*Asks:* 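Provided herewith is a single structure, encoded as structure tokens, for subsequent inquiry.
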There are 2 protein chains.
Amino acid sequence: MAVTSGVKNRTRQAIVDAAIDLLAGNPACSLGDIAAAAQVGRTTLHRYFGERADLLAAVAAEGGERLVRAAALADLERGTGGEALLRLCREYFDLGSLLSLMFAGAGGECWESQDEQCLVAVVERGHADGSIDPALPADWVLGLLWSQLYAAWEYLGQRRDASRHHVLDLLTRTLSNALRPPPA
Amino acid sequence: MAVTSGVKNRTRQAIVDAAIDLLAGNPACSLGDIAAAAQVGRTTLHRYFGERADLLAAVAAEGGERLVRAAALADLERGTGGEALLRLCREYFDLGSLLSLMFAGAGGECWESQDEQCLVAVVERGHADGSIDPALPADWVLGLLWSQLYAAWEYLGQRRDASRHHVLDLLTRTLSNALRPPPA
DNA sequence: CCGTCATGGAACAGATGTGTTCCACTACGA
DNA sequence: TCGTAGTGGAACACATCTGTTCCATGACGG
């Protein structure tokens, strides 16, 4: 049951990708719009995802995978907690419209459930090694990470003249400053 | 034409208030839900706001007024730009669910149009007087302000044990750190 | 007591989205 | 050439939201 036809896989992926892009802009968008964006008939979409909830679940699953992949690329075990968090931030920034989806979709309930614990551990490592202000609770730090990521993504979308690299630089600077512990 | 009946004013205000609360949680919520939340018949709601768009416009107007009022309370002319921005942040924080609405409603297009310029001036004052890192563009700083406000509001909503004052303290600390210029 | 003011409920038509069924078309391999 | 897999279009019933109309009720002042 593992490998379906290559065509089916590609169609399914096209639908999920289109769904992520459109739902990021408008969480209430219609299935017809998604099908059109995926260049697929609405009938075909329903063949892959019987109900809207099925598609949303697939989107959540895909989003979760991308987050896990990004976290893996960030190599969270290396260096101080603060450094690891900044690397993670850079990887997350590449996720693009998925970032908007996290905010629109009730702050992301599902895909973070187990990943959350892992990230909390990184922040607490930062608390211990002095790279993150211990006065900032771990979940506050993570909320900060997400909100600044979203702000950066929006900023990039509105100011087309700003280069991706420049925005990432601003993001890194403000986030690392925000987390920096007081000079003791 | 200025003063309608006191009853009408109160009913209208109740509808707008309910709309702000519900739309903040779900921008696609139905007029029936809003009417129910305002403890008003759907007929009455339609009597005050012929179309959904009319209600949304009233919500935007009310939101704009609240923002302007908050900005006035912050006394933006006083002190350094950085200090003024932190005072503004504290005032905005009291706006509650309106914060969520700003993000859900496409990042707030209308009510900021003229206010935006005023806030940009405050940030630039901060650039000049050395209280805000000049490497951070003004609109980046404002985007940061909004995103952290949203994060703080969400944090307060999820962790009911955290006191309003404590969250405001976290917000102030991280925001002022993020904007602080490098030690030169 | 009577009129009006503000309201709520019921019912309706129209629009939109959803989920389903049925049929036709194309590509591809046996 | 034939059968199958994957697809798209048309049509349908169903649900929800919207905007409107009509009528009944309670409050309040003259």
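All chains are named by letter (A, B, ...) in the order of the sequence lines, taking the proteins before the strands, and each is independently numbered beginning at 1. On a predicted model such as this, the values are computed, not experimentally measured, just so you know.
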*Asks:* Roughly, in whole Å, what's the span from CG in B:Leu31 to P in D:dT20?
*Replies:*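 Nearest whole value for this atom pair: 12 Å.
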
*Asks:* Which nucleotide sits closest to the side chain of A:Thr44: D:dG8, C:dG8, C:dG19?
*Replies:*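 Among the listed nucleotides, the one closest to the side chain of A:Thr44 is D:dG8.
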
*Asks:* Taking atom types as modelled and ignoring hydrogens, do the side chains of A:Gln148 and A:Thr174 form a donor-acceptor contact shorter than 3.5 angstrom?
*Replies:*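 A pair is found: one side chain offers a donor N or O, the other an acceptor, under 3.5 Å apart.
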
*Asks:* For a quick check of understanding: with a heavy-atom distance under 4.0 Å over all strands, which category does A:Arg52 fall into, base, sugar-phosphate or nothing?
*Replies:*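 Sugar-phosphate only.
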
*Asks:* Check this for me: does the side-chain of A:Arg42 come within 3.5 Å of the base of C:dG17 through a donor and an acceptor?
*Replies:*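 Donor-acceptor pair under 3.5 Å: no.
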
*Asks:* Got a minute to check which stems DNA chain C is part of, using Watson-Crick or G-U wobble pairs under 3.5 Å, three or more consecutive?
*Replies:*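 If one scans DNA chain C for consecutive Watson-Crick or G-U pairs, the stems found are C:1-30 with D:1-30.
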
*Asks:* Below 30° counts as parallel, above 60° as perpendicular, anything between as tilted: where do the rings of B:Tyr92 and B:Trp146 land?
*Replies:*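 Answer is parallel, since the angle falls under 30°.
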
*Asks:* I'd like to know if the side chain of A:Asp21 reaches the main chain of A:Ala18, judged simply by a donor and an acceptor atom lying under 3.5 Å from each other, with no hydrogens or angles considered.
*Replies:*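 No, the answer is negative, given that no donor and acceptor are paired below the 3.5 Å cut-off.
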
*Asks:* Rounded to the Å, how far apart are B:His46 NE2 and C:dA11 C1'?
*Replies:*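 That distance rounds to 15 Å.
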
*Asks:* Kindly state which residues belonging to residues 12-22 of chain B come within less than 4.0 angstrom of DNA chain D, counting heavy atoms of the residue only, listed by number.
*Replies:*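 Contacts with DNA chain D under 4.0 Å: none.
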
*Asks:* Can we say B:Arg159 and A:Asp139 salt-bridge, meaning some charged N sits less than 4.0 Å from an Asp/Glu carboxylate O?
*Replies:*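 Counted as a salt bridge, because a side-chain N and a carboxylate O are separated by less than 4.0 Å.
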
*Asks:* Calculate the interatomic distance between B:Leu55 atom CG and D:dT18 atom P; express it in whole Å.
*Replies:*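 Rounded to whole Å, this separation is 10 Å.
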
*Asks:* Check the distance between C:dG17's P and A:Ile34's CD1 and give it to me in whole angstrom.
*Replies:*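 So the CD1-P distance, A:Ile34 to C:dG17, works out to 12 Å.
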
*Asks:* Count the heavy atoms belonging to other residues, nucleotides or ligands that lie under 6.0 Å from CD of A:Gln39, then report whether that count exceeds 12.
*Replies:*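 No, CD of A:Gln39 has 12 or fewer neighbouring heavy atoms, counting only those of other groups under 6.0 Å.
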
*Asks:* For a quick check, tell me whether the side chain of A:Arg10 and the base of D:dG6 share a donor-acceptor pair closer than 3.5 Å.
*Replies:*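 For A:Arg10, whose side chain was compared with the base of D:dG6, there is no donor-acceptor pair (under 3.5 Å).
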
*Asks:* Is it the case that over 12 heavy atoms from other parts of the model lie below 6.0 angstrom from the CZ atom of A:Arg125?
*Replies:*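 It does: A:Arg125 CZ has more than 12 such atoms within range.
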
*Asks:* So, does B:Glu83 use its side chain to make a donor-acceptor pair with the main chain of B:Thr80 at under 3.5 Å?
*Replies:*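 Yes, B:Glu83 side chain to B:Thr80 backbone: donor-acceptor pair under 3.5 Å.
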
*Asks:* What is the distance, rounded to the nearest whole Å, between atom CG of B:Leu56 and atom C1' of D:dC17?
*Replies:*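 Distance check: B:Leu56 CG to D:dC17 C1' gives 14 Å.
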
*Asks:* Counting side-chain heavy atoms from CB outward, which of C:dG8, D:dG19, C:dT18 is closest to B:Val40?
*Replies:*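 Between C:dG8, D:dG19, C:dT18, the one nearest the side chain of B:Val40 would be C:dG8.
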
*Asks:* Base of D:dG19, side chain of B:Arg47 - is there a donor-acceptor contact under 3.5 Å?
*Replies:*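 For B:Arg47, whose side chain was compared with the base of D:dG19, there is no donor-acceptor pair (under 3.5 Å).
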
*Asks:* For B:Gln39 and C:dG9, what is the distance between atoms CD and P respectively, to the nearest whole Å?
*Replies:*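 Going from CD in B:Gln39 over to P in C:dG9 covers 12 Å.
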
*Asks:* Please determine whether a side-chain nitrogen of the Lys or Arg among A:Arg87 and A:Glu91 lies less than 4.0 Å from a carboxylate oxygen of the Asp or Glu.
*Replies:*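 Looking at A:Arg87 and A:Glu91, the cut-off is not met.
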
*Asks:* Check whether any side-chain N or O of A:Arg66 sits under 3.5 Å from a backbone N or O of A:Leu98 as a donor-acceptor pair, and report yes or no.
*Replies:*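 Not at all, since once roles are kept as given, no pair shorter than 3.5 Å links the two residues.
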
*Asks:* So A:Tyr48, base contact, sugar-phosphate only, or nothing? Heavy-atom distance under 4.0 Å.
*Replies:*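 Sugar-phosphate only.
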
*Asks:* Which part of the nucleic acid does A:Thr43 contact within heavy-atom distance under 4.0 Å: base, sugar-phosphate only, or nothing?
*Replies:*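 Base, at least one base heavy atom under 4.0 Å.
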
*Asks:* Measure the distance from CD on B:Glu51 to P on D:dT20 and round it to the nearest whole Å.
*Replies:*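 Between P of D:dT20 and CD of B:Glu51: 7 Å.
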
*Asks:* Whole-Å distance between C:dT16 P and A:Asp33 CG?
*Replies:*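 A:Asp33 atom CG is separated from C:dT16 atom P by 12 Å.
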
*Asks:* Taking the side chain as everything from C-beta on, heavy atoms only, tell me whether B:Val122 gets closer than 4.5 Å to B:Glu77.
*Replies:*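 Side-chain contact under 4.5 Å: no.
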
